[in-house]
Amino acid sequence: MIIEFLTPYLGDQLAYFSWTLIKVLAILIPVTLCVAYLTLAERKVIGFIQLRLGPNRVGPKGLLQPFADVLKLLTKEIIIPNGANKFLFVVAPMLSLMPALAAWAVMPFADGLVLSNIDAGLLYVLAITSMGVYGVIVAGWASNSKYALIGAMRSGAQIVAYEIAMGFALVCVLMMSGSLNLTTIVDTQRTGLGLLGWNLIPLFPMFVVYFISGVAETNRAPFDVAEGESEIVAGFHVEYSGTTFAVFFLAEYANMILIAALTSLMFLGGWLSPIPGIPDGFGWLAAKVAFMLFFFLWFRATFPRYRYDQIMRLGWKVFIPVTIVWLVLIGVLMRMDWWPW
Amino acid sequence: MSFENFSFYLFAAVLIGAALSVIFSRNPVHAALSLVLAFFTAAGIWLMLEAEFLAISLILVYVGAVMVLFLFVVMMLDINLNRMREGYWNYLLPALVVSGIFLTELIILIGGRVAFSKPEKVPAAITSEGNTLQLGRLLYTEYLYAFELAAVILLVAIVAAIALTLRRRKDMKLVSSNEQFSANRESRLKIISMPSEGGRREDPS
């Protein structure tokens with residue numbers, strides 16, 4: 001392995017450090033590329049849904065469009081508004097990107113293919129993703145703008161509400177698998193029945209709750225009141241331009257991919273194949289993530305924005321009771337051994 | 001200095017710096033954000049002690065939930081910094097007395113143990129399974145009653161907090177959501193047929 005190749009030159013600790021760094025880059029560079037092409041896919045998919053072609057000028061079939069966008073954003077000026085808190089204004093985009101990338105540390109891509117296979121993986125993911133809200137809140141406050149502050153407040157209240165439902169949905173998953181380790185969670189869905197063994201079947205309501213909460217958590221349409229361009233211009237990132245805006249953009253799409261990947265691991269069997277007899281592999285995970293990501297784009301093209309009080313009602317009065325009832329139901333079924341699987 | 005020592009001192013320095021900044025920063029939002037940083041670095045130190053569950057739940061509960069609400073409230077408040085700094089000298093003496101008592105108690109409780117005994121090594125984990133699993137098992141078997149009692153106390157606190165703040169305005173124009181959802185075309189829209197008023201017809205010729 002490469003680590004044995006590096007050790008004589010760098011010493012033990014440094015070799016380990018650089019090998020880990022290489023692995024981190026091997027995860028983050030594809031994630032960033034996925035983000036770039038997700039933006040293109042979004043514009044293409046929404047374009048086709050609305051009977052347009054979408055971007056098709058830069059490169060063959062518009063395939064180089066994301067790079068043109070990035071170059072454009074990087075060359076623009078970063079404007080810091082008067083009276084803004086300069087330090088927090090610049091730190092806020094990083095605060096929102098950091099959790100979106102750090103959560104990939106425990107994400108297994110195939111059997112054994114994981115950067116850090118820790119036992120409390122699910123807890124780690126919950127803790128890290130719960131920090132994403134700081135980027136939005138700090139950005140809204142540091143901008144010294146009414147629209148930005150209103151956007152930040154809306155987003156904060158929304159994320160706090162939906163995080164609870166999300167957490168309860170994941171508690172059901174960990175009851176099913178009896179472990180917080182993400183690799184084990186996928187392995188317990190391997191029952192030899194293919195698709196029927198996945199958590200999707202017994203936990204279907206939790207799957208729905210988790211995914212919708214994920215959409216709300218990433219501030220995507222129809223839950224994008226934090227941006228709400230018709231009421232508060234662009235919400236928390238109204239004052240951001242150039243690179244700082246690009247980082248927010250990157251964080252939003254990285255979060256979407258993260259939620260799609262987590263949904264695939266928890267409920268759709270990760271890298272397991274849906275039909276018994278066909279070999280498992282990373283390809284299945286990629287296909288499932290792409291499938292879930294398509295839902296994000298589809299939602300955006302289909303649903304009008306939720307009214308704010310209805311968002312709160314859905315989070316607190318519908319999702320949380322549903323998850324608690326299902327939690328108790330699963331508990332009783334497991335205790336009584338009335339488990340068909 | 002090993003990497004472990006280095007990261008401990010780094011975390012400790014950041015933790016103390018952040019904690020000082022909580023007290024000394026003039027802007028309450030900065031203070032709240034410093035407190036977030038303090039929690040985060042404290043979690044880092046706990047992680048180095050292999051207390052993974054404590055570290056992660058510190059971040060999950062305090063950084064991810066409590067401080068978000070805290071920051072929320074601090075941002076919404078219209079805080080007048082000049083008024084807050086009034087009467088500094090009046091408060092100084094009682095504050096010094098209280099903190100003096102607190103410090104003495106802490107020194108009696110912890111200081112003696114630290115100063116007069118050799119630093120102990122952190123005991124190695126008993127089993128290879130993570131401490132999340134072990135803690136969970138203990139909480140739900142041996143300490144079940146204490147755990148449930150804590151949960152009930154929390155529940156009472158939640159109910160009390162809601163009961164204290166729940167005031168319904170009389171002039172509120174809230175429409176019940178059931179009414180909204182049960183609305184359909186028939187309840188909102190009526191198509192009636194009425195004769196046209198026989199307006200002038202344009203003659204094509």
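Letters A, B, ... are given to chains in the order of the sequence lines, protein chains preceding strands, and every chain is numbered from 1. Reckoned from all heavy atoms, side chains included, excluding hydrogens, waters and symmetry mates.
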Part of [X] within contact of chain B (heavy atom distance under 4.5 Å):
{"X": "A/Asn181", "value": "neither"}
{"X": "A/Ile164", "value": "neither"}
{"X": "A/Ile137", "value": "both"}

Contact class of B/Val61 relative to chain A, heavy atoms under 4.5 angstrom:
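Neither; nothing under 4.5 Å.
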
Worksheet entry | chain A contact via B/Leu33 - which portion, at a heavy-atom distance below 4.5 Å |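 The answer is the side chain of B/Leu33.
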
query: Has the side chain of A/Tyr134 got a donor or acceptor atom that lies under 3.5 Å from a matching backbone atom of B/Gly64?
result: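 No, A/Tyr134 side chain to B/Gly64 backbone: no donor-acceptor pair under 3.5 Å.
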
Above 12 or not: heavy atoms from other molecules or residues under 6.0 Å from [atom1] of [X]?
{"X": "B/Phe40", "atom1": "CZ", "answer": "no"}
{"X": "B/Phe70", "atom1": "CZ", "answer": "no"}
{"X": "A/Tyr147", "atom1": "OH", "answer": "no"}
{"X": "B/Tyr62", "atom1": "OH", "answer": "no"}

Shortest non-hydrogen pair, B/Glu52 vs A/Ala120, comes out as OE2-CB, 4.2 Å

**A/Met153 versus B/Phe72, closest heavy-atom pair with distance** =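 Looking at all heavy atoms of both residues, the closest pair is O-CZ, 3.2 Å.
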
Would you give the length of the straight line joining atom [atom1] of [X] to atom [atom2] of [Y], rounded to the nearest 0.5 angstrom?
{"X": "B/Ile56", "Y": "A/Leu126", "atom1": "CD1", "atom2": "CG", "result": "9.5 Å"}
{"X": "A/Glu163", "Y": "B/Leu60", "atom1": "CD", "atom2": "CG", "result": "7.5 Å"}
{"X": "B/His30", "Y": "A/Trp141", "atom1": "NE2", "atom2": "CH2", "result": "4.5 Å"}
{"X": "B/Phe53", "Y": "A/Asp119", "atom1": "CZ", "atom2": "CG", "result": "13.0 Å"}

State, without any angle test, whether B/Gln180 and A/Arg313 hold a side-chain donor-acceptor pair at a distance under 3.5 Å.
->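 The answer is no; no qualifying pair exists.
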
